[in-house]
Novice: 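Just dropping this structure here.
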Amino acid sequence: MPTHRLSKSRFLAGLQCHKRLYLEIHSPELATPPTPDRRAIMDMGTDVGVLAREFFPGGVLVEETHRQIPAALTRTAELIADPNVKAIFEGALVWQGILVRVDVIERLDAVRWRLIEVKATSKVKATHLDDLAIQSAVLEGAGLVVDGCYLMHLNTQYVFLGGTLNLEEMFAIDNMTEDVQARRVLVQPQLEEMWRVLTEPDPPMIPPDGHCHQPYECPFWNHCTKEKSRRWVFYLPGSSKLQKVLMREGVETMDEIPPHIQLSDIQQHVKDNVEWISPLLRARLQSVRYPVHHLDFETFMPAIPIFAYTRPYRPMPFQWSNHIEYEDGTVVHHQYLCTDGRDPREELAQHLLESLGETGSICVYSEYERFLLFALGDVLPQFKSALSKVVRRLWDLLSVIQQHYYHPDFQGSFSIKSVLPALVPDLAYNDLSIQNGAVAAVMYQKMVFSEADLMERAQIAQALEEYCGRDTLAMVELRRVLMERVGGLYL
Ligand code: SF4
């Protein structure tokens, strides 16, 4: 029997981890609040849900919010009883104390309904089936005849050609009825187990591991891992299979990994936990040609395409920074930032080509810039040949470091956000108001698509320029410090 009121999201949290469900109900203050980029992802999901309603003409939205649940339940019941209502959006229903707000319930005839869950994802995931299973259980428990369960999601192959979005092509609707039926039989025992756990005086003893990140990032991760050492074996980079085996065998830290365990080169460096310099590092660093450009893009990935010839979630560059180091040590900075809501690609590419010129290596940190340059060439035929030449000059500092250098302060991560503070502590990111690319994307969208006033826009533009500029200055300094590590002096 129900001991606590649940919701669809709490049911899904309980399927991920009973401890998570317990903490959400009894100690929600222990959760880490969502970051701005996480909130932006949630907002994007809401926008997709709103757009999906256009698919169902004659549908009516239950406008009462989560703070007005009794009113929302009453309104939903009225709409169900009205045969003229073709579909209900955000309908509120309850069964056994479980409340769901359903994206779309579509009326098929006098008694039968279709349940449609809208997701801003590109494909169906296992958790979506559980999501539909609990909703269909509640709908049927509340007296509706559910004739089919569908998942409506984005088709990432859809290319927006400009003008009006073609929703028929942009959305895919998959019939998941059979898969959901298979899960439905599990719902009651799953609920009973959750209700039992919730009556316990303490949360269940569930150790943190890979399950905390799938299918969702658990907000209690910081709480559950606060006692863990920096050398916890879970932080070993690479295959999560190996971590699982080690944890199952009671290995708690990397220092306890038995010698017979086969590790990759990178894992071995992380385990050894001492600085390591490959004999080839110097030659690799000297393979650059001057002037050395240091290039970084910032991008955002709208779920709903905004500009012509883009697809859902297509990365859209809006900014670049280029620090140019000449052979005599002089460093010059060029940058571009689109500060309004127009398609930035043509102007961005034109200025970039001017900045990069025709000579010198282009130092980047990862393969992402290569992908973006090719993507720009695909939509800008006038620059395709020049952008291809740029790609041939790329020189990836990340792969040089991964293959030829390790510092214990990397703590297993080769992200520039880990590498820079380890090697150039004076130039870390913690003095910046934007400290990672995900937040940069959120702030850019706020600057160009929201109601931000002029002052706020100017502040965001400055913060974006500081952040992207830091990424490229970081590469200049990393190359310099690494060169010092191998004996200094560029030849
Ligand atoms: S961090 Fe992991 S163990 Fe802790 S509550 Fe979340 S899912 Fe459960």
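Atoms within each ligand, like the ligands themselves, are counted from 1 in listed order.
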Novice: Has Gln68 got a side-chain atom pairing as donor or acceptor with Thr65's backbone, closer than 3.5 angstrom?
Specialist: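 Yes, Gln68 side chain to Thr65 backbone: donor-acceptor pair under 3.5 Å.
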Novice: Between the side chains of Glu275 and Arg485, is the shortest nitrogen-to-carboxylate-oxygen separation below 4.0 Å, so that they form an ion pair?
Specialist: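 The answer is yes: the pair qualifies as a salt bridge.
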Novice: Pull out every atom of ligand 1 sitting under 4.0 Å from any heavy atom of Trp221, numbered as shown with elements.
Specialist: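 With Trp221 as reference, the close atoms of ligand 1 come out as 1 (S).
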Novice: What pairs meet the salt bridge (charged side-chain N to carboxylate O under 4.0 Å, His left out) rule with one or both residues in residues 60-79, with sequence neighbours excluded?
Specialist: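 For residues 60-79, and leaving out neighbouring residues, the salt bridge (charged side-chain N to carboxylate O under 4.0 Å, His left out) pairs sorted by first residue read Arg75-Glu78.
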Novice: Looking at the rings of His213 and Phe234, which for Trp means the six-membered one, are their centres under 6.0 Å apart?
Specialist: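 Judged by ring-centre distance (under 6.0 Å), His213 and Phe234 do meet the cut-off.
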Novice: Which residues and atoms, counting only protein N, O or S, are under 2.8 Å from atom 8 (Fe) of ligand 1?
Specialist: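 Protein N/O/S atoms under 2.8 Å of atom 8 (Fe) of ligand 1: Cys17 SG.
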Novice: Test of understanding: with salt bridge (Lys or Arg N to Asp or Glu O under 4.0 Å), list the residues that count as partners of Arg314, not counting sequence neighbours.
Specialist: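 Counting only residues at least two positions away or on another chain, Arg314 forms no salt bridge (Lys or Arg N to Asp or Glu O under 4.0 Å).
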Novice: May I have all residue pairs that pass side-chain hydrogen bond (donor to acceptor under 3.5 Å, both in side chains) and include part of residues 14-23, sequence neighbours excluded?
Specialist: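 Listed by first then second residue: Gln16-Arg20, Arg20-Glu24.
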